Amino acid sequence: MPKQSRPNRPNVLLIVADDHQAGAIGALGHPVVRTPTLDGLVARGTAFTRAYYMGGLVPALCAPARAALLTGTHLFSAQAAPELHPARHDVAIDPARPTLPELFRRAGYETFVTGKWHNDGAALRRSFSRGERIFLGGMCDHRRVPLHDYAPARAFPSARVRFERGFSTELFCDAARRFVARRAADPRPFFAYVALTSPHDPRTPPAAYARQYRPAKLPLPGNFLPEHPFDNGEMGVRDERLASHPLRPAAVRRHLADYYGMISHHDAEIGRLLDTIARTGQAENTIVAYVSDHGLALGGHGLLGKQNLYEHSVRVPLLLSGPGVRAGGRDAELAYSFDLFPTLCDLAAVDCPRDILGRSLVPRLRRPGRSGRESVFALYRDCQRMVADRRWKLIQYDVGGRKRLQLFDLESDPGETRDLSGLARHRPRVARLRRRLDEWQNDVGDRWMREFPE
């Protein structure tokens with residue numbers, strides 16, 4: 001493989017969480033959850049507090065989210081064959097598109113994977129030179145994870161599945177710790193992709209972390225509702241069946257306690273991984289990126305899952321620290337999670353394809369206050385579409401031919417509790433946002449929800 005020459009090129013550790021709400025980090029103002037490791041990343045680096053993912057055409061949104069993250073482009077371009085499917089649980093990456101770890105591998109990095117892989121095996125094999133404890137799928141029992149060894153020249157037959165004792169996050173982070181410890185004596189840089197299955201359900205935190213959060217004392221989300229006020233096109237999906245409806249406050253508090261316990265546990269395991277990097281003398285030359293595939297409702301708007309376009313579900317945590325990253329930075333401009341693709345390439349001086357939609361965040365790291373994107377967009381299957389600018393957000397619904405709108409002022413109403421779409425004074429704003437959304441759909445080739453009349 002061709003290699004690019006650059007002395008002292010930084011290592012990259014990319015950690016991808018599963019279902020982590022953007023605001024569920026202590027240092028970013030969450031009143032309850034304890035995340036000392038992630039708080040440290042915020043202090044040592046920059047937090048992008050308005051980062052979004054773009055959604056997907058399938059209910060298992062982890063798969064299209066990770067395809068976009070790994071290819072640095074929108075979900076239709078990232079996928080080999082984008083299609084509307086009511087129950088599909090994986091998404092194949094377009095083989096013509098190099099993945100982020102594949103580019104680093106071509107540039108001379110040793111690339112490593114552990115944890116959840118929710119895309120196709122061919123993309124995994126071309127992306128990584130090494131791997132350990134790989135979980136192929138969307139979700140599993142955290143104490144009985146079906147694991148695969150890395151197989152560079154063949155598929156991953158189910159007969160070779162094995163199980164090891166331990167919790168999912170511990171298994172994956174221990175595999176990464178072994179890898180980075182071994183790498184300390186190697187002159188080549190590494191790219192490590194650590195994909196967690198936490199805090200995705202089943203939310204079963206280890207006992208010590210479950211005890212940290214007492215359900216009766218937890219506040220409900222400020223936008224809690226017993227029921228969503230209308231059919232959004234996906235009211236019966238598996239995520240929404242994790243509790244009975246209408247939602248009861250006690251049941252939601254129980255879910256929140258387990259969710260926070262999962263986050264605190266994986267925060268501690270990430271801390272052990274970062275300690276290994278520091279102990280082996282690699283901390284000063286390692287870029288750490290933390291992101292989630294998407295968020296989760298957990299009682300917000302009368303919902304539990306992520307199959308919606310409210311902020312609790314479409315925004316994600318995006319943290320960066322390490323060489324080239326400003327310490328103590330907070331960036332509240334709009335971004336996508338797949339902007340990490342060109343950002344990490346820039347920070348490591350790895351050549352990046354020009355035909356991606358991702359935009360490097362490095363100029364914003366070097367010039368605080370530099371403006372980001374003007375708008376971001378997201379979708380869910382053929383029933384929901386969204387556009388947001390720095391202040392305003394519009395959601396369109398088409399459920400069985402019944403169409404409706406929601407307009408929110410995110411500046412004065414970040415919890416999206418007041419729909420302003422029916423007010424006459426906002427009609428020009430609604431029309432402007434709808435035109436912008438229509439233009440974006442034309443640009444990306446979204447044909448699955450169109451003909452929304454004025």
Side-chain angles (χ1 to χ4, degrees), residues 16 18 52-102 116-127 136-139 195 232-234 237-239 291-295 305-309 313-314 316 336-342 353-359 373 375-388 395-399 436-452:
V16 182
D18 197 343
Y52 291 76
Y53 93 113
M54 197 175 273
L57 295 172
V58 296
L61 289 163
C62 314
R66 291 166 192 244
L69 177 67
L70 286 161
T71 58
T73 191
H74 63 77
L75 60 101
F76 303 118
S77 184
Q79 298 178 44
E83 62 174 326
L84 188 70
H85 201 286
R88 188 164 184 167
H89 296 290
D90 62 346
V91 163
I93 293 173
D94 184 349
R97 289 210 164 269
T99 69
L100 179 62
E102 183 179 6
K116 173 173 173 172
W117 185 260
H118 209 186
N119 302 107
D120 58 294
L124 185 149
R125 290 189 295 274
R126 63 185 165 95
S127 297
L136 304 175
M139 58 178 287
N232 69 3
E234 196 65 287
V237 71
R238 188 201 68 87
D239 291 36
V291 70
S292 182
D293 45 13
H294 43 68
K306 59 262 188 181
Q307 293 84 4
N308 60 85
L309 302 181
S313 298
V314 292
V316 297
Y336 283 118
S337 54
F338 56 72
D339 289 337
L340 270 175
F341 187 116
R354 295 183 179 181
D355 63 340
I356 61 173
L357 189 65
R359 297 182 188 176
R373 295 174 177 274
S375 306
V376 290
F377 305 87
L379 62 90
Y380 179 67
R381 300 194 70 231
D382 59 349
C383 53
Q384 303 174 34
R385 296 295 182 271
M386 179 213 94
V387 55
I395 307 178
Q396 293 186 169
Y397 300 88
D398 186 345
V399 180
R436 189 176 297 176
L437 179 57
D438 189 63
E439 291 168 359
W440 173 78
Q441 290 183 272
N442 286 331
D443 288 343
V444 300
D446 174 19
R447 64 182 185 275
W448 287 272
M449 178 179 154
R450 302 309 300 268
E451 298 179 0
F452 203 96

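Position 1 is the first residue of the sequence, and the numbers go up from there. The structure displayed is predicted, hence computed values, not measured ones.
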Report the distance from atom [atom1] of [X] to atom [atom2] of [Y], rounding to the nearest 0.5 Å.
X: D382; Y: R447; atom1: CG; atom2: CZ; result: 12.0 Å
X: F377; Y: Y336; atom1: CZ; atom2: OH; result: 6.0 Å
X: R66; Y: L75; atom1: CZ; atom2: CG; result: 15.5 Å
X: L124; Y: L136; atom1: CG; atom2: CG; result: 7.0 Å
X: S375; Y: R436; atom1: OG; atom2: CZ; result: 3.5 Å

Are any non-hydrogen side-chain atoms of [X] and [Y] less than 4.5 angstrom apart?
X: L70; Y: P101; result: yes
X: Q307; Y: Q384; result: no
X: R238; Y: M139; result: yes
X: E234; Y: P59; result: yes
X: S292; Y: D18; result: no
X: W440; Y: D438; result: no
X: L340; Y: V291; result: yes

>> Run the side-chain contact (heavy atoms from CB on, under 4.5 Å) test on M449 and R381 for me, step by step, so that the C-alpha distance in whole Å, both residues' side-chain angles and the decisive distance to 0.1 Å come before the verdict.
In response: CA-CA 8 Å; M449 178 179 154; R381 300 194 70 231; over 6 Å; no
Ion pair [X]/[Y], N-O distance below 4.0 Å:
X: R373; Y: D339; result: yes
X: R385; Y: D398; result: no
X: D120; Y: R126; result: no

>> For the backbone of A123 and the side chain of S127, can you confirm whether one donor and one acceptor N or O come within less than 3.5 Å of each other?
In response: yes
> Are the side chain of K116 and the backbone of G138 linked by a donor-acceptor contact shorter than 3.5 Å?
Replying inline: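 Between the backbone of G138 and the side chain of K116 there is a qualifying donor-acceptor contact (under 3.5 Å).
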Over all atoms of both residues, closest heavy-atom pair of [X] and [Y]:
X: A78; Y: T73; result: N-CG2, 3.7 Å
X: L69; Y: V16; result: CD2-CG2, 3.8 Å
X: A67; Y: I93; result: CB-CG1, 4.0 Å
X: P98; Y: A96; result: CD-O, 3.6 Å
X: Q441; Y: D446; result: NE2-OD2, 2.8 Å
X: P64; Y: Q79; result: CB-NE2, 3.9 Å

> Do the side-chain N and O atoms of S77 and R97 include a donor-acceptor pair separated by under 3.5 angstrom?
Replying inline: yes
>> List the residues meeting side chain to side chain contact (heavy atoms under 4.5 Å, CB included) with A68, not counting sequence neighbours, and say none if there are none.
In response: F338
> Using the ring of each side chain (for Trp, its six-membered ring), is H294 parallel, tilted or perpendicular to Y53, with breaks at 30° and 60°?
Replying inline: tilted
> Where does the angle between the aromatic ring planes of F76 and W448 fall among parallel (under 30°), tilted (30 to 60°) and perpendicular (over 60°)?
Replying inline: parallel
>> Applying side-chain contact (heavy atoms from CB on, under 4.5 Å) to E83 and V58, what does each step give before you reach the verdict?
In response: CA-CA 8 Å; E83 62 174 326; V58 296; 6.0 Å; no
>> Determine whether N232 and N308 satisfy the following criterion, side-chain contact (heavy atoms from CB on, under 4.5 Å), listing intermediate values before the conclusion.
In response: CA-CA 8 Å; N232 69 3; N308 60 85; 4.2 Å; yes
>> Going by ring-ring contact (aromatic ring centres under 6.0 Å, His included), name the residues that satisfy it together with F341, two or more places apart in sequence or in a different chain.
In response: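 So F341 forms no ring-ring contact (aromatic ring centres under 6.0 Å, His included) with any residue.
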> Given the rule in the side-chain contact (heavy atoms from CB on, under 4.5 Å) test, do M386 and V314 qualify, once you have shown the distances and angles that lead to the verdict?
Replying inline: CA-CA 10 Å; M386 179 213 94; V314 292; 4.1 Å; yes
